[in-house]
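Working notes, beginning with the structure itself.
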Amino acid sequence: MSGLRVYGVVRAGTKTPPNTDTVEYGDIAAVVGDMTGPELTDSEATDHLDVLCALVTTGPVVPLRFGTVAPDAEAVCTEVLAPAHDNFVAMLESLHGMVELRVVVAFDEQQMLRDALAGNAELRGAAGGRGLADQMAIGEMAVRELTERVHAEGERLLAPVCEIAKASQRVEPPEPATDVWALLVAADDLSTVDQQVAKLAAQSDAEINYFGPLPALTFAGAAAPPPQRQGSAWGW
Amino acid sequence: MTVAHGVNRAPRPSSLADVLEVVLDKGIVIDAYVRVAVVGIELLTVDARIVIASVDTYLRFAEAVNRLDLQPDGQVAGLPGMIGEMTEGGAKNKTKGALSGAKDAAKEAISSLTGSDEDEEEERKTTRRSQPRSRSTSRSRAK
């Protein structure tokens, strides 16, 4: 089984990690790797992130969707690089010197739920319902109340960090008592952001996990100017 | 890089669930691929998992609310499932059901399958979607 996995797009001439190759098209290049089998598994997903993380330390990279596969280099040129060349150039320009960071704020679920119950009379009144429909209603109400509190507290804590970032966005959390943010920051501002994250960790009992520099998986699309040709070239 | 108060910035998440959360369904797709394709999780699996995940989350919280309601403030005991999961901390606890989208629909990554052990947490279904020339297949790969 042959074929190429496509990781992302960089400026032509960028050094790429081991076991990857490039397909050049003018001033841009797609970073590709050999398909190791007919399936994409967890290790390929991890590898996708690893390659992108390695690339982001050497220059701007526009990540492509994990799972993007092509039969050969020619297909990469004609279907990925050529149709959106100008968009890629613009995105690479806007991502130059920028990195994505991820902040995960995990609140104490029990305490948050206790607060939610204390603050919501309707929820207190509904508690104890036994039928499935009642249970679902209670659960839904509890999750909604909890989420509101988590969001409010998360925004409060992250505000100083978001100030420094060029862009910030809440992303889907693994569970309701956790708030997860993606930040687009200038690499030059990394140590300032580190300090701010340390400060917010000191202000809260929440468990903070903090990652980066990551490729702009969340913000790549936002960095693209609207397509010039008729019909959209983008989807994500 | 170590900073004050022990908040290290790790280069990337280490748990598989978190890696998938970061990488699945993100990044550029160009419309009108012909020979290029985006391989993802089979749609049927995605739909079934979305429903199951939501029901489980709500029921888990309903049970938690009911137990909290019975206990006076500050004396919460006897929530073995939740406490066991919480001590693992933040994004690392619980099974994650991270789902990748189909090419034509923007499905969001939904989380929180509950109560599964470590083996289930590590097992992911990543399959080839229906392609014009081949049948769709579904396989599990255990780590």
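Throughout, protein chains are lettered first and strands after them, A, B, ... in sequence-line order, and every chain is numbered starting at 1.
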Examine whether an atom of Leu64(A) lies under 4.5 Å from a heavy atom of chain B, and if so say whether it belongs to the side chain, the backbone or both; otherwise answer neither. both

Here the gap from Phe66(A) atom CZ to Leu24(B) atom CG, rounded to the nearest 0.5 Å, amounts to 7.0 Å

For Val80(A) and Ile30(B), work out which heavy atoms get closest and say how close. O-CD1, 3.2 Å

Given side chains that start at C-beta, do those of Arg144(A) and Phe61(B) come closer than 4.5 Å, heavy atoms only? no

Atom CZ of Arg9(B) and atom CG of Asp194(A): how far apart are they, to the nearest 0.5 Å? 4.0 Å

On a heavy-atom basis, which atom in Leu214(A) and which in Pro11(B) lie closest, and how many Å separate them? CD2-O, 3.5 Å

Bottom line for Leu52(A): the part with an atom under 4.5 Å from chain B's heavy atoms is neither

Which atoms form the tightest heavy-atom contact between Pro176(A) and Arg60(B), and what is the distance? CD-NH2, 4.4 Å

Between chain B and each of Leu217(A), Val9(A), Ile138(A), count heavy-atom pairs under 4.5 Å; write down the option with the most. Leu217(A)

Quick one: are Tyr210(A) and Asn8(B) in side-chain contact, heavy atoms under 4.5 Å? no

For Gln135(A) and Asn66(B) the tightest heavy-atom approach is NE2-ND2, 2.9 Å

Check this for me: does any side-chain nitrogen of one of Lys26(B) and Glu100(A) sit under 4.0 Å from a carboxylate oxygen of the other? no

Less than 4.5 Å to any heavy atom of chain B: does that hold for the side chain of Leu4(A), its backbone, both, or neither? neither

So which heavy atom on Pro71(A) is nearest to which on Val36(B), and how close? CD-N, 4.4 Å

Smallest separation among heavy atoms of Val19(B) and Ala45(A), with atom names: CG1-O, 4.4 Å

Would you mind telling me which of Cys53(A), Gly128(A), Ala206(A), Ala137(A) has the largest number of heavy-atom pairs within less than 4.5 Å of chain B? Gly128(A)

So CD of Glu140(A) and CG of Leu59(B): to nearest 0.5 Å the spacing works out to 11.0 Å

Looking only at atom types and distance, does a side-chain atom of Glu21(B) sit under 3.5 Å from a main-chain N or O of Pro174(A), one as donor and one as acceptor? no

Look up atom CD in Gln111(A) and atom CG in Leu68(B), then write down how far apart they are to the nearest 0.5 Å. 9.5 Å

Checking Arg35(B) now: which residues fulfil salt bridge (Lys or Arg N to Asp or Glu O under 4.0 Å) with it, not counting sequence neighbours? Asp72(A), Glu74(A)

Is any side-chain heavy atom of Met141(A) closer than 4.5 Å to a side-chain heavy atom of Val65(B)? no

So which of Ala118(A), Ala116(A), Ala127(A) has the biggest tally of heavy-atom pairs under 4.5 Å with chain B? Ala127(A)

To the nearest 0.5 Å, tell me how far Ile28(B) CD1 sits from Thr68(A) OG1. 10.0 Å

